[in-house]
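One structure is given here, and the rest of the page talks about it.
This chain uses plain numbering: 1 for the first residue, then up along the sequence. Numbering of ligands and ligand atoms starts at 1, following listing order. Because the structure is predicted, anything quoted here is derived from the model rather than measured. Quick note: numbers below take in every heavy atom, side chains included, and nothing from hydrogens, waters or symmetry partners.
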Amino acid sequence: MSAVGSMVHEIGHAIGMNHEQKRADAQQVYNGHGPHLIMHWDNIDANWKSQYLPDTKSYIGSTNQGADDPFSGYAPYDYSSIMHYPSGDAYDTDPPANENLMGNRKHLTSGDIEQILDVYQCVELPTWTAPASCDFEDFCYWTNQGEIAWTAQSGPTPSSNTGPNAAASGVWYTYVEASGSNNPAKTAIYESPALDASASYTLTFAYHMLGSRMGSLSVEVGDTHGNFLPMWQKTGDQGNAWHTASVSIHAAVAIRFVGVTGSGWSSDIAIDDIQMVSRKLCNDFVCQDLRMRMSWEKHSNETPSTGTGPSYAHDGNQWVEIWHVNGDLGDVWLEADIPIAAGFSFLRFDAAGLK
Ligand SMILES: [Ca+2]
Ligand SMILES: [Ca+2]
Ligand SMILES: [Zn+2]
């Protein structure tokens, strides 16, 4: 037994987990399941008997609490649970081959994690879009902050060969008029309502930047210190079309569209269809960490086909081979440079037949 594993076990108790061998189906048939242990009561000290008696309040699964419920139904008996007592003369397992699974004090199993996620209902909250989204058809919570203003518009802008002829969607959009004293290099800032800095968002929007004197459009992200940093930028004529862009937003208290007019009136900048989608985990990092660990537990025992020195990355569902060397490379250290695509959560090196 390891000290760390024992601490994890005790923390398991603190958050409501019972000893696995106290499940109602551990030593008797219960709702068609079990028994999983064959008890030898004569070998158990009277003071310890209570640790082996069934407790119907022990977790054995749950009903379905809705579409995002982390687990429903019968939870299989988990001999490897960090909450299971080790093997000894108190019981034998049924089947006997599971004897050596017991007494794990190294890590939470996927069954342990599923139990925690289920009893705490660690579900992803539903996606929400208001009030940061804005299609300019209704009231927008965004505000003008710059030296010149973003202005709601339908149809074309007053100047020809700059600005869109119509909205990207619906009737209305907003734009920076570059005529008159609004050029050169005048700044129009459009700022979002306050965001939840603990959430992550995907921002998508449509932009239109037609004009021979076109300036620039940026998306800036405001951090918790009040600094705005550019995350996305386009400069110069982008043709007579609406384009769409997508920006990942993390730890932001607000975001801004910053339009800067160009060197002449032919630099109207327009935006439409601002969509802010948030996906926030209930307990943030705790839930996220547990989900990652569960994915790891479920796949760490898989043995992929091995050649000589393949390496794998894990995308949450399977191991994908990303690098491979073969044969005798000589008695030297060689350097490897392996690009890892986004979306992989684990990396591992396997070696077979190395000499
Ligand atoms: Ca459930
Ligand atoms: Ca619109
Ligand atoms: Zn215990």
N/O/S from [X] sitting under 3.0 Å away from the Ca ion (ligand 2):
{"X": "Trp172", "result": "yes"}
{"X": "Asp273", "result": "no"}
{"X": "Ser169", "result": "yes"}

Contact check, side chains of Ile148 and Thr261, non-hydrogen atoms, under 4.5 Å
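In short, these two side chains touch, coming nearer than 4.5 Å.
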Taking the side chain as everything from C-beta on, heavy atoms only, tell me whether Leu37 gets closer than 4.5 Å to Met102.
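Yes, at least one pair of side-chain atoms sits under 4.5 Å.
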Intermediate values then yes/no, side chain to side chain contact (heavy atoms under 4.5 Å, CB included), Met83 and Asn18:
CA-CA 7 Å; Met83 304 309 291; Asn18 207 345; over 6 Å; no
Just to the nearest 10 degrees, tell me the angle at the Zn ion (ligand 3) spanned by His13 NE2 and His19 NE2.
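That angle is 90°.
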Checking one value in my table: which N/O/S atom of Asp135 lies closest to the Ca ion (ligand 2)?
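Closest to the Ca ion (ligand 2) among those atoms: O.
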Glu137 atom (N/O/S) at minimal separation from the Ca ion (ligand 2):
OE2
Using the ring of each side chain (for Trp, its six-membered ring), is Tyr141 parallel, tilted or perpendicular to Phe139, with breaks at 30° and 60°?
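Tyr141 vs Phe139 ring planes: perpendicular.
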Aromatic rings Trp142 and Phe257: how do their planes relate, parallel, tilted or perpendicular, breaks at 30° and 60°?
tilted
